[in-house]
Amino acid sequence: AVLRRTSQVRPLHGSGCGQQQEAIGMETRPETFSIFRTQENDPACQSEQHLGQYYTVPPSHFHTVFPHGLPPRYQQQVKTFNEGCVMVRQPALELISHLKRADYSKPTLRYLLYGVKGSGKTMSLCHTVHYCSTQGWLVLHIPDAHLWVKNCKELLPSSYHASRFDQPIQASNWLRNFRTTNEHFLSKIKLRQRYVWTKRESTEEGRPLGELVDMGVSRVKSSSDVVGAVLKELRLQAGGTEGGFRLAVAVDGVNGLWGRTTLKKEDKSPVAPEELTLVHNLRKMINNDWCGGAVIATLSQTGSLYAPSSAYLPQELLGEEGFDSMDPFVPVPVSLYSEKEFESCYLYYLDHIHFHHWLQHPHSQTEEGKKELIFLSNRNPSVLERLCAFL
Amino acid sequence: MAAHTLKKSIWSLGRIHCHIYGVNVRNPLNRATYATALSTNHSSQNKGFPDRGNKGPFNRRSRREAGDPRTDRMPVDQDWTTVYPTATPFRQGSVPLPVRMGFPVKKGVPPEKKGNLELIKIPNFLHLTPLAIKKHCEALKPFCTEWPSALDTGAKCDEHFPVKVECKDYVSAGTSLRNPSARIVHLRVSLSACVNYDYAMYLLTVLYHESWKMEAWESEKTVADMEEYSWEDSPSQKNIMSTLVRMQVAGEGEGEAVREELLGRPEVQEYRDSVTRLKNEGESESSMHQYRDAVKKVLNL
C-alpha cells in the first residue's frame, strides 16, 4: 500500500539535517544540527530535555555491557547501522531517577516494566542497565527467564538438593556472559564461605569470585550450583560498608519464573518451576530481603508459556503466586511512541537514507508516507521498525 | 458414482461404435436403450472389460426393458400418500419435481435429479406431507381418550393442575439417537397458587436459623475458596509489613504496637485499598496506576 505513488523527494518537515543536505550538498553528517540526536551519551546526565532523542552507546561498552541482553532485531539494526543508538524515553528516565534517589540501606526495591508487545520494555531495561554499568554497579542481567523454563535439552538431578533439577548448559552460558560483563569485579569480591563441590574439589573462603565463576564455566555439571553460590555471595555482600558495591538484578521476562514449564521429568510428569535450581535461586534474588541494590524486571508475553497473546498487565502474566512474591513493587508502564518520539524515530530512520541507504522508497519521505507509517504501525516501536526495514 | 461414470463412458463408447459399425446390438453390460457393439468387438477393442462369456454381474442377457418413469403418468390431483407411504430413499422416477442438487458442473448448474446420488443420500420427508399426517391422526383417533369436558378454559386447568412439566423431544437424522437439548425439562409452578402462608413463614425461619449453623467442614475453607479477596492475613500484607519494619519507618522495635501503628497509617490504608481493588476488580490501567501511586507513597519514593 505504501508503494503506490512515486513523488519527488522533498522533505517537508523541519528536518534541519535534510534541508541542509539539499542546500549545501555536504557529505559529512552535521550531527550538531540533528534534533533527534543528543550528544549526552552518559545515561546519568540525561534528563527530560533529552526526551525523544537518540543517544549513542559507545562501541566499547557494547560487548561488555550487553553480551546477551539486547533484543535480536535491535542487534541486527546495530550491525546494519554500525552504531547503537537508544532513544531516551520516559520509563527509563523514571527508573534512573528512582535509582539515583533510592536509599540503599533499606530493603531492595523492585521495579516492573510492563506494556503491550513491542512497546520498548527490553530496550528501556537495557538503557537502565547501561546506566547502572556506567555508575559502576555490578549487573546481573538475565536476558530471558523463559529460556530457563523451556527447551532445555539436559536436565540433571541436582546433587545439592534431591528433588531439584540442574540445567548445565543454560547455567554455564549465563556464567560466561556474566563473566564478560563484570570482569573488574571478579577479582575484587572475595567469598565469605567455603563451597565443597566434590570430595576432592572445593573453593575456600577468601578466594576471589572469579575463581568460582571460572570453575562453573569449565565444570559444566556443577554450573547450576555455582550460579546459586554466586547469587548468594552477591546478595550477602551487596551494599556492604567496606568495599561495597551496588547490585542491579535485571530480569527480562520475569513472569517465566512463576507459572508452568514445558520440561518433563523422566516419568513424563511436568516439572514445576521451583524444582529447577536456577529458578529457585533467582527467585531468592527477587525477594526484598537483601539491601544495597535494585531489581529491575520486565514482563514479556513473547516467549511466555500458556499465556494468551493479548495479556500484558502484571497480574495476568505474573499470576497470583508471582504477584504475591513481587509485591510491593513499583510498576512502570511503557507506552507506545508519543508524537514527538515517533517523529524522532522517523527522522532517525530517514537520516540513514543519506548515508546508509535505508528507507529507500521516495514516498516514505513525504508527509503522506509519514501518515501511512503512523497508521500502519499505530506508533508501536517494533512494528515501525519492521515496516521501515522492509521499505 | 463410479458405477454411473462407468456406465456413461461405456455408453459413449458404445455410441461411437454404433456409428462406426452401424450395428445396433443390445449391450450386455447396460440397458437396452444404450446400444453398443460391445458383444462382438468386445475382446479386441476393450481391454478393460474381458469377455466373460455372458457370466458375471455385468452380463445379463435377459433383462426387461425399463419403462417410462412414473412421473409421466402422474395426474395432478393424485394421492401422494400412495406414492410415498413410508420413509423411502428418493426415487427420481417417482418425484415429479425438477429438483437439482450438488456442486455446479463447469459453466453450469447443479446436476439434475437423474442418477443424482446426492439426492439419494440425504433424508427426505416426502412421506410426511400434511395430508399424510392428517391420515395418521385419523388412524390414531380410535385409540385416544376424550379431553375432559370440565377443563374447557385455561384458568380451570391452572387451578386443578398448578404444576406443569414440559419435556421436549427432538427428531433429527444423524449419527446418534440422543440430543442433549432433550434433557432439559421445565417445571412451572405459579407462586400465587401456593396458598399456605404459615408454612412459608415457618420455612423461612428454619432457613434463617440453619444458615447460622457452622458445620465442621466449613472451618476447612481455604483462601482459594473465598469469594472475595481480603487483605488481612494475605501475603501482600505480610510483605508490606516486613518491608516497612525493616525500613524502620516506625522507629526501632518490633511487636504488636509497631504493627498496629503501621497499619493505621494512611499510606498503608491506601496501599491496602489498591491491592484489594486489583485483586477483586481485576486489572486495568487505572487500577494499576492507583497501585503505583500507593506503592510509591508507602515506600517513600
Side-chain angles (χ1 to χ4, degrees), chain A residues 90-91 94-116 119 239 255 258 283 286-292 294-295 299 301 307-308 310-336, chain B residues 222-252 254 262-263 265 267-301:
Chain A
Q90 175 54 31
E94 192 185 321
L95 266 179
I96 293 176
S97 71
H98 281 311
L99 290 176
K100 280 183 195 167
R101 292 178 313 193
D103 183 348
Y104 291 103
S105 57
K106 302 267 173 71
T108 343
L109 284 168
R110 281 85 64 88
Y111 305 94
L112 186 65
L113 288 159
Y114 72 95
V116 294
S119 54
N255 49 320
W258 296 278
R283 280 194 195 177
I286 300 192
N287 281 340
N288 63 352
D289 48 6
W290 53 283
C291 49
V295 176
L299 291 176
Q301 195 280 328
S310 54
Y312 74 96
L313 288 165
Q315 221 174 358
E316 290 171 321
L317 287 174
L318 283 173
E320 270 218 42
E321 209 193 325
F323 188 85
D324 289 331
S325 318
M326 293 278 299
D327 193 38
F329 61 92
V330 180
V332 181
V334 180
S335 53
L336 303 176
Chain B
T222 58
V223 174
D225 293 324
M226 299 277 183
E227 303 89 26
E228 245 191 7
Y229 177 78
S230 74
W231 191 70
E232 283 74 37
D233 281 338
S234 72
S236 171
Q237 188 196 25
K238 291 193 196 106
N239 286 345
I240 191 73
M241 283 293 121
S242 67
T243 316
L244 287 174
V245 163
R246 270 179 291 131
M247 280 166 68
Q248 293 176 336
V249 160
E252 294 287 333
E254 295 208 8
L262 280 175
L263 278 173
R265 292 209 179 173
E267 307 94 56
V268 181
Q269 304 278 342
E270 242 186 79
Y271 174 76
R272 182 196 65 187
D273 293 332
S274 67
V275 173
T276 322
R277 186 182 164 201
L278 258 185
K279 295 256 180 180
N280 277 340
E281 270 181 47
E283 279 180 315
S284 64
E285 284 292 327
S286 61
S287 57
M288 252 306 134
H289 278 289
Q290 192 190 356
Y291 176 75
R292 200 163 108 92
D293 298 326
V295 169
K296 278 190 184 167
K297 273 199 209 143
V298 155
L299 298 176
N300 268 338
L301 288 175

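Throughout, protein chains are lettered first and strands after them, A, B, ... in sequence-line order, and every chain is numbered starting at 1.
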Discussion item. With a 4.5 angstrom heavy-atom cut-off, is it the side chain or the backbone of B:S284 that approaches chain A, or both, or neither?
Written reply: backbone
Worksheet entry | Selection from A:D103, A:V332, A:N288 maximising heavy-atom pairs under 4.5 Å formed with chain B | A:N288
Worksheet item: Would you call A:D327 and B:Y291 a side-chain contact if the rule is heavy atoms closer than 4.5 Å?
Response: yes
Practice prompt. Indicate yes or no: at least one non-hydrogen side-chain atom of B:L299 is less than 4.5 angstrom from one of B:E267.
Written response: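 The answer is no, as the side chains (C-beta and beyond) never meet within the 4.5 Å cut-off.
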Worksheet item: Can you check salt bridge (charged side-chain N to carboxylate O under 4.0 Å, His left out) on B:K279 and A:D324, steps first, answer last?
Response: CA-CA 11 Å; B:K279 295 256 180 180; A:D324 289 331; 3.2 Å; yes
Worksheet entry | A:Y114 portion near chain B, given a 4.5 angstrom heavy-atom threshold |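 Answer is side chain: those atoms of A:Y114 sit under 4.5 Å from chain B.
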Worksheet item: Which atoms of A:D289 come close to chain B, meaning under 4.5 Å heavy atom to heavy atom: side chain ones, backbone ones, both, or neither?
Response: both
Discussion item. Would you say CD of B:Q269 has more than 12 non-hydrogen atoms from neighbouring residues, nucleotides or ligands within 6.0 angstrom?
Written reply: yes
Item to complete: Can you see which heavy atom on A:P333 is nearest to which on A:P91, and at what distance?
Response: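 That would be O-CG, 3.8 Å.
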Discussion item. Looking at chain A, which one of B:L278, B:V275, B:D293, B:I240 has the largest number of heavy-atom pairs inside 4.5 Å, strictly under?
Written reply: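 With the most close heavy-atom pairs to chain A, the winner is B:L278.
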